[in-house]
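First the structure, in the form of structure tokens, and then the observations on it.
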Amino acid sequence: MTRFDDSDDFLLSHRAFDFPFYVVCLEQQGVPGLDLIRLIRRRNNAGILAISNQEGEGFVSALEAGADMVLRRDAPEDHLQAAILAIQRRSGPGAQASAQAPWRLLEEQSILQAPDGTRISLGDSDLAVMRCFAHTEGGRVARRALIESLWGDGADDMDNALHVTLYRLRKRIEQAGQPLVPVHSVSKVGYEFRAPLVRE
């Protein structure tokens, strides 16, 4: 278990959105607990258990934000353990089978198709990035390879432009209604597409 006493420290940590399970206190320093749950849910399908105050405030809001279950802070330890096990059963391999359906890159149409069938139109830069993801085994692409794909072999000092390009791609996927966005940064490497991806 990794504990963060401040949600700002959590968000700045390496691979913050890669944990298999989260217990989030709604009352805490830094980013409010409800906002933290929303951020986690956008990027991760892991189980989330929310802990409210002793009055149980925030129960409905936490569930609406993406928590799987809410317990009061004064709940007994065995209740906490039982809740975690129950959430893990529901979010196990069988429950996540549909999440493993592939994304499809329809290159000639400049379309990224989500597992649920949603078709996301891609701009030229988006398509170039997605081609890199599709051509690389495991979906991980070095920062330099992405820069050269977008701006040519001689491009230098384009890290900020690359960050903006990937940010816009993520927003395009989010705005299409996708709860999980598989585009992630990889520290000291580049970016990766953390989902099955096929080219058509």
Side-chain angles (χ1 to χ4, degrees), residues 10-11 14-24 34-50 62-69 84-143 145-146 149-150 162-187 189-200:
F10 162 74
L11 291 171
H14 179 57
R15 301 179 75 86
F17 298 104
D18 295 337
F19 291 102
F21 196 94
Y22 296 84
V23 177
V24 180
L34 291 175
D35 292 336
L36 193 59
I37 291 171
R38 291 189 189 97
L39 289 171
I40 294 170
R41 184 54 73 218
R42 276 186 170 185
R43 295 164 172 80
N44 195 321
N45 201 34
I48 301 177
L49 173 62
L63 293 176
E64 290 177 343
D68 297 293
M69 193 178 296
I84 291 173
L85 289 174
I87 294 170
Q88 288 177 327
R89 282 196 301 270
R90 291 203 304 265
S91 59
Q96 295 184 13
S98 61
Q100 295 305 309
W103 292 69
R104 300 183 182 279
L105 177 61
L106 312 178
E107 292 190 66
E108 292 187 2
Q109 302 171 55
S110 297
I111 294 288
L112 177 63
Q113 183 173 304
D116 65 1
T118 300
R119 295 163 69 91
I120 303 165
S121 297
L122 301 175
D124 292 341
S125 296
D126 301 322
L127 183 58
V129 170
M130 290 306 307
R131 280 175 173 154
C132 288
F133 288 139
H135 289 151
T136 305
E137 185 176 352
R140 180 173 293 191
V141 184
R143 185 176 289 103
L146 287 167
S149 175
L150 287 163
L162 178 63
H163 175 76
V164 171
T165 298
L166 271 294
Y167 173 79
R168 287 175 177 167
L169 174 59
R170 287 186 55 88
K171 292 299 293 182
R172 190 181 294 268
I173 296 172
E174 286 179 357
Q175 290 169 356
Q178 295 305 303
L180 298 175
V181 180
V183 178
H184 294 264
S185 64
V186 181
S187 180
V189 177
Y191 292 84
E192 66 180 344
F193 196 86
R194 296 182 192 165
L197 176 65
V198 296
R199 295 168 55 208
E200 296 184 0

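All residue numbers refer to positions in the sequence shown, counting from 1.
- Closest approach of Arg172 and Ser121 over heavy atoms only: CD-O, 2.9 Å.
- Taking CZ from Arg199 and CD from Glu108, the interatomic distance works out to 10.5 Å, rounded to the nearest 0.5 Å.
- Between Ile87 and Ile48, the shortest heavy-atom distance links the atoms CD1-O, 3.9 Å.
- Ring planes of His163 and Tyr167: parallel class, angle under 30° (limits at 30 and 60°).
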- Message: With side-chain contact (heavy atoms from CB on, under 4.5 Å) as the criterion, how do Leu36 and Leu11 come out once you've worked through the C-alpha distance, each side chain's angles and the decisive distance to 0.1 Å?
- Response: CA-CA 9 Å; Leu36 193 59; Leu11 291 171; 3.8 Å; yes
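- With rounding to the nearest 0.5 angstrom, the CD1 atom of Ile37 is 8.5 Å from the CG atom of Leu63.
- One finds the CD atom of Gln109 at 11.5 Å from the CG atom of Leu127 (value rounded to the nearest 0.5 Å).
- Of the inter-residue distances, the one linking Asp126 atom CG with Leu166 atom CG reads 9.0 Å to the nearest 0.5 angstrom.
- Here the closest non-hydrogen pair linking Ala65 and Arg41 is O-CB, 4.2 Å.
- Residues Ser149 and Ala128 share a closest heavy-atom pair of OG-O, 3.8 Å.
- In terms of modelled atom types and a separation under 3.5 Å, the side chain of Arg140 and the main chain of Gly190 share no donor-acceptor contact.
- Considering only residues two or more places apart in sequence or on other chains, Tyr191 meets the ring pair (Phe, Tyr, Trp, His ring centres under 6.0 Å) condition with none of them.
- Between Ser125 and Leu150, the shortest heavy-atom contact is O-CD2, 3.6 Å.
- One finds the CD1 atom of Ile111 at 14.5 Å from the CZ atom of Arg104 (value rounded to the nearest 0.5 Å).
- Residues Leu106 and Arg119 approach most closely at CD1-NH1, 3.5 Å, considering heavy atoms.
- The aromatic rings of Phe193 and Phe133 are tilted relative to each other, their planes meeting at an angle between 30° and 60°.
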